[in-house]
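Quick note: numbers below take in every heavy atom, side chains included, and nothing from hydrogens, waters or symmetry partners. Quantities reported herein were computed from a predicted structural model and do not represent experimental measurements. In the text below, chain A, chain B and the rest are named by the order of the sequence lines, each starting its count at 1.
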There are 2 protein chains.
Amino acid sequence: MKLFTVGPVACYPIVLKTMSQQMYSHRSDEYKKIHYDTVDLLKKWLETENSIYLFSSTGTGFMEAAVRNCVKDKLLVCINGDFGKRFAEVGKSNGKQVEILEPALGDPITPQGLDDALKKNPQVEAVAITHNETSVGLINPLRELCLIAKKHGKLIFVDAVSSMGGTEILVDDWGIDICFSSSQKCFGVPPGLGIGSVSKKCLQIAEKMPNRGYYFDLTLWEKDHQRGQGTPVTSVIPQIASLNAVLHMVEEKGGKKWYFDLFNRRNTKIRRAVKKLGTPVYPKRGYESPTVNCIKAPKGVPGKKIYDEMRLKGYELAQGYGALKDVTYRIGNMGYIPSLSLTSMLEALKEVYASI
Amino acid sequence: MKLFTVGPVACYPIVLKTMSQQMYSHRSDEYKKIHYDTVDLLKKWLETENSIYLFSSTGTGFMEAAVRNCVKDKLLVCINGDFGKRFAEVGKSNGKQVEILEPALGDPITPQGLDDALKKNPQVEAVAITHNETSVGLINPLRELCLIAKKHGKLIFVDAVSSMGGTEILVDDWGIDICFSSSQKCFGVPPGLGIGSVSKKCLQIAEKMPNRGYYFDLTLWEKDHQRGQGTPVTSVIPQIASLNAVLHMVEEKGGKKWYFDLFNRRNTKIRRAVKKLGTPVYPKRGYESPTVNCIKAPKGVPGKKIYDEMRLKGYELAQGYGALKDVTYRIGNMGYIPSLSLTSMLEALKEVYASI
């Protein structure tokens, strides 16, 4: 089965090799070397001086960490789909008040919209933004949104689960306080690892925050990060070693710009092909995600039909998600996608369209 | 390097092979099949009808889940070493009052001691017990302790991180409400996966518990478990598939009794050998752990010296931990330990003792 999923995505051969290595202690020198090398490579990638933690959890762990460590009463959550909704849910279930900014499905968060929302809710402490909403295949104008949030003096939490690695994010330049992702998306590593940067400002707030729990207590993560121990709980060694291998692979091939180009080229090819088939992508023009395409299913055909037919041909795409479950299907553009597979997948899709 | 660590431990060949498999979606039929097969095998192993969750976290995630979902105000934590201390810390950092029962280091929790503590603290809602304390190499008389806790009508949380899989635990018969472990211990799988059973009583309490968070919200886990989805966040697929492979391997070789015997045989061999060398294990007689030996270092020799010398010979033991860091070293007895490695490790240890 050739994978065009939205995560877990297909892993690079070097990753699968690394995953099969025999274990060693997470307190050994061998582990510490890999841990801090990975942290350094990620700092360089995100162009940040903030601390980077490698959570023994999925990216969602960073949502819990952000609201529990850094928000006392209230935050604003920008929603473009199901993962924005999840961030709001995480806020509420941790006892915080959540204000919502939610444009029509398929539309981005606009700087003007965010400015208005913050004027209406001056008391929120933080703004949560989904950079790339996989359920809709939409990318938000993150840099511009960060400018607005900073102007209002708010903390910025960015769910970059399906964008980190696939498109540029400049953490320090854009002033992002917590920027997080998961291993099983653009980096093409199996799931189980959360990756995130945390600003000094967040750590200062966390230190005084009551009832911030243990597992995602940012001050514990910072303490162990600083004293050279890596992680306060057992590290997800195979996934961390695999991420390390991918980061080195990208560096050898030409660095992050080379990797971003790869995503753009593949994505343009997919978008053109489905448009030619008469079924364009769902989100508003100019806000199409570079890492996942959410495609309108042909009229009268359930999205799952396309998904099922493609599976029969050996291609695992992704079904529609949430509110768009029935009327769309999705083609992921992350992880290990050899260019021949991409070409043959698009051929197969043409055949499926012709047969239905 | 041959591993006699206390976790992450050496993984079985079938595990390393499974870890290198290409990924697939955690919502695919393939994944669901492996997920529920693993759950069924674990239910059989623990002889329980309780729900079993496969957390995308280490075992410590279940500590956070237990105190946050099931304790309103107060719990009693039994402490035999560093992991009992961690449970107490998790309770406090989640805003609960924590009563402590802590015998002298190396002594077990006794039924009498627990009975007295519960008489003194009738208002605690739950008792947390570390079944096997790796930092001291001690195992508590869990069955007897459960009888006492049940007599007092308390919830029972058992940290079975370094005992589940290595020695018998009968969850339903002993009345354990939450019993949890991690992948990187007795099952010989890499870290990143938490394994735990949760009673209906806990779920009923959780439903009414305010501010229980999202990531470890037991009601969300139960909902997705029941509707056939497995996990509410992305599943740690490689580790789950590997655990599945180990459980099948054990079943083929003779079931859990066969596996427990293996631990006992290896452990007796290690304990006899170090006793013969004049350095017995640390805990009180009768309470020696079957999965990890905490050994007194020779007089005047720091435990780290033994650890370092053994490393030079190609054997990774474990250093002393916490309060016993300097005066002990540890030999793990979990995961993939071929019997030839065990024999040669004990030979090497003899040489190290002779040379210092």
Side-chain angles (χ1 to χ4, degrees), chain A residues 1 3 5-11 16-28 30 55-61 63-64 67-68 86 89-95 182 184 190-193 210-217 220 232-239 316 318-319 335-336, chain B residues 1 3 5-11 16-28 30 55-61 63-64 68 86 89-95 182 184 188 190-193 210-217 220 232-239 316 318-319 335-336:
Chain A
M1 195 70 76
L3 266 64
T5 52
V6 295
V9 301
C11 300
L16 298 179
K17 202 177 148 202
T18 307
M19 288 297 290
S20 73
Q21 283 172 358
Q22 186 51 285
M23 277 301 95
Y24 37 91
S25 167
H26 63 302
R27 300 297 181 228
S28 65
E30 289 88 333
F55 271 9
S56 303
S57 78
T58 67
T60 302
M63 291 188 187
E64 188 116 335
V67 302
R68 220 175 160 195
R86 178 180 288 187
E89 199 50 47
V90 171
K92 284 179 209 157
S93 62
N94 280 290
S182 291
Q184 78 278 13
L193 174 64
N211 186 35
R212 61 182 182 263
Y214 182 93
Y215 201 83
F216 298 120
D217 178 352
L220 285 180
V233 295
T234 308
S235 327
V236 191
I237 300 176
Q239 280 83 340
E316 172 90 15
Q319 298 185 42
Y336 179 56
Chain B
M1 193 73 75
L3 266 65
T5 51
V6 295
V9 302
C11 299
L16 298 181
K17 201 177 148 199
T18 307
M19 288 296 290
S20 73
Q21 284 171 357
Q22 186 51 285
M23 277 302 91
Y24 38 90
S25 167
H26 62 302
R27 300 296 182 231
S28 66
E30 290 87 334
F55 272 8
S56 303
S57 77
T58 68
T60 301
M63 290 188 186
E64 189 116 333
R68 221 176 161 194
R86 178 179 288 188
E89 198 50 44
V90 171
K92 285 179 209 158
S93 62
N94 280 289
S182 293
Q184 78 278 10
L193 174 64
N211 185 33
R212 60 182 183 263
Y214 182 94
Y215 202 83
F216 298 120
D217 179 351
L220 286 180
V233 294
T234 308
S235 326
V236 191
I237 300 175
Q239 279 84 341
E316 174 90 15
Q319 299 185 44
Y336 178 56

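- Ranking B:K92, B:R27, B:Q239 against chain A, the residue ahead of the rest is B:Q239, based on heavy-atom pairs under 4.5 Å.
- Only the side chain of B:L3 comes within contact range of chain A, with heavy atoms under 4.5 Å apart.
- No part of B:V6 comes within reach of chain A, as not one of its non-hydrogen atoms sits under 4.5 angstrom from that chain.
- Residue B:Q319 does not touch chain A at all, counting heavy-atom pairs closer than 4.5 Å.
- By the side-chain contact (heavy atoms from CB on, under 4.5 Å) test, B:R68 pairs with A:E64, A:R68, A:N94, B:N94, B:N211, sequence neighbours left out.
- For the pair B:P8 and A:T234, the minimum side-chain heavy-atom distance is below 4.5 Å.
- For A:V9, the part lying near chain B is the backbone, with the side chain staying farther off; criterion is any non-hydrogen pair under 4.5 Å.
- Of the listed residues (B:P238, B:S57, B:G213), the greatest number of heavy-atom pairs within a distance under 4.5 Å of chain A belongs to B:G213.
- Classification of the B:Y215-A:F216 ring pair by plane angle, with boundaries at 30° and 60°, yields perpendicular.
- Between chain A and the residues B:G335, B:S25, B:G192, B:S56, the largest count of heavy-atom pairs under 4.5 Å involves B:S56.
- Contact count against chain B (heavy-atom pairs under 4.5 Å) is highest for A:A10 among A:G7, A:A10, A:G95.
- Neither the backbone nor the side chain of A:S182 comes within less than 4.5 Å of any heavy atom in chain B.
- Residue with the most contacts toward chain B among A:R212, A:Q21, A:R86: A:R86 (heavy-atom pairs, distance under 4.5 Å).
- In this structure, chain B has a heavy atom under 4.5 Å from the side chain of A:E316, while its backbone stays farther away.
- Closest non-hydrogen pair, B:L193 versus B:F55, comes out as CD1-O, 3.4 Å.
- If you measure heavy-atom distances from A:P190 to chain B, the contacts under 4.5 Å come from both the backbone and the side chain.
- Contact tally against chain A (heavy-atom pairs below 4.5 Å) for B:M19, B:M1, B:Q22: the top residue is B:Q22.
- Smallest separation of non-hydrogen atoms from B:S235 and B:H26: OG-CB, 3.6 Å.
- Heavy-atom pairs under 4.5 Å with chain B were tallied for A:V90, A:T5, A:I237; the largest tally goes to A:V90.
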